[in-house]
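These notes are about the structure you will find just below.
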Amino acid sequence: MTTVPVTRALFDDVMVPNYNPQQFVPVRGEGSRVWDQDDREYVDFAGGIAVNALGHAHPALVSALKDQADKLWHLSNTCTNEPALRLAKKLTDATFADKVFFCSSGGEANEAAFKLARKYAYDNFGPEKHEIIAFTQAFHGRTLFTVSVGGQQKYREGFEPVPGGISHVPFNDIDALKAAISDKTCAVVMEPIQGEGGIIPADPEFARAVRELCDEHNALLVYDEVQTGVGRTGHLYAYEGLGVAPDIMTTAKALGGGFPVGAMLCTDKVAPSLGFGTHGSTYGGNPLACAVAEAAIDTINTPEVLSGVADKRAIFVEELEKINAKHQIFKEIRGAGLLIGAELIDVWHGKAAKFLAAARDAGVMILVAGPNVLRMTPSLIIPEADIREGMARLEKAIAHVLETETAEA
Ligand SMILES: *Cc1c(COP(=O)(O)O)cnc(C)c1O
């Protein structure tokens with residue numbers, strides 16, 4: 001056997017070019033710190049895009065995975081298993097939902113949600129009631145159905161024809177939704193906070209109006225909580241903070257704390273429409289995934305972790321405001337809990353990626369949400385010292401960009 005040198009350059013040789021990963025290759029992580037092949041250390045404010053909610057190598061998750069690895073990895077959906085049933089019980093006890101469907105990603109959870117919404121309307125009202133209303137800038141995944149419901153044309157372009165019967169209206173615009181919704185609408189789909197679209201929270205008044213309009217038209221309300229769920233906003237799920245319960249909710253990302261798992265949760269009213277044989281997933285309910293997710297939920301759904309989110313947000317906001325007092329670079333700091341968006345001032349619009357690259361060079365991993373917004377989705381248990389250190393590095397990165405780059409007038 002020959003050994004191939006594994007470097008970032010190998011990516012370009014052997015991988016489909018749909019990603020353009022950063023120039024370093026991380027090899028290990030602990031808590032909110034990550035080390036690369038050269039043993040350079042980074043503070044992790046990215047958290048794997050709202051996935052590593054308990055940081056890297058959390059002992060409770062590592063031990064859940066190791067314990068389950070010695071017992072049972074996989075059977076098939078012809079058998080159920082203990083970790084899946086325990087996780088489903090915990091999710092239904094902790095939320096509005098009565099029933100759960102497991103899968104392995106957010107896109108798959110949404111695919112199940114949209115199929116269920118269509119099927120429920122078909123079963124109860126007939127095939128005419130199949131229209132789905134979603135919002136511009138929304139993100140729901142990369143399958144053909146989920147890019148179609150998503151509100152970003154660039155993710156559909158070149159993949160047409162896409163599924164029909166889907167329309168988009170501006171987010172937080174009650175009148176636009178009123179004009180679009182009808183008795184042909186089977187579902188309205190929204191993120192409680194638009195994530196990829198730029199960290200745009202739903203107004204509580206808008207969220208309540210959406211619920212009322214859905215009820216008036218017998219349409220189901222679908223919440224995509226793939227990014228906002230599992231403690232991210234300081235609630236187990238963000239719908240609690242809005243005071244509006246959906247009929248169907250999807251969750252993934254942080255659910256497995258880094259192990260692939262997703263779920264579609266729904267009420268007893270709608271669940272029967274996914275009857276025996278209507279839908280499925282080979283890996284859905286995988287024992288390894290569910291054992292890790294159970295440990296993640298047990299750890300995150302506690303007063304200490306959930307209430308800690310607001311305290312940690314306060315430190316992030318304080319530090320971002322300090323940076324802004326010095327450099328006047330942010331137009332707005334928004335989001336909820338540890339889903340943090342810092343929109344650049346207008347002259348720096350389109351250049352968020354430059355700040356991400358400079359941050360990496362300064363030893364802190366951040367994200368962007370579109371071309372204008374710096375995004376941070378760190379571990380929910382990131383220590384204060386790591387926040388302060390990461391922010392000191394971010395400040396250096398921003399100073400460097402301002403010295404070396406010119407903003408577009
Ligand atoms: C990330 C994300 C998805 C897609 O999840 P995958 O696991 O990548 O399929 C869907 N919806 C929202 C809101 C997301 O943030």
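As the structure lists them, so they are numbered: ligands from 1, and atoms in each ligand from 1.
Note: F24 and Y42 have parallel aromatic rings, judged against thresholds of 30 and 60 degrees for the angle between ring planes.
Residues E395 and H327 form a side-chain contact, since some pair of their non-hydrogen atoms from C-beta on lies under 4.5 Å apart.
Listed by chain and residue number, K184 satisfy the side chain to side chain contact (heavy atoms under 4.5 Å, CB included) test with E128 (two or more places apart in sequence, or in another chain). Annotation: side chain to side chain contact (heavy atoms under 4.5 Å, CB included) contacts of R28 (sequence neighbours excluded): W35, D39. Take F139 and apply the ring-ring contact (aromatic ring centres under 6.0 Å, His included) test, not counting sequence neighbours, and it matches Y155.
A ring-centre distance under 6.0 Å is not found for Y237 and Y223.
Contact residues of ligand 1 (protein heavy atom closer than 4.0 angstrom to a ligand atom; sorted by chain and number): S105, G106, G107, N110, F139, H140, G141, E191, D224, V226, Q227, K253.
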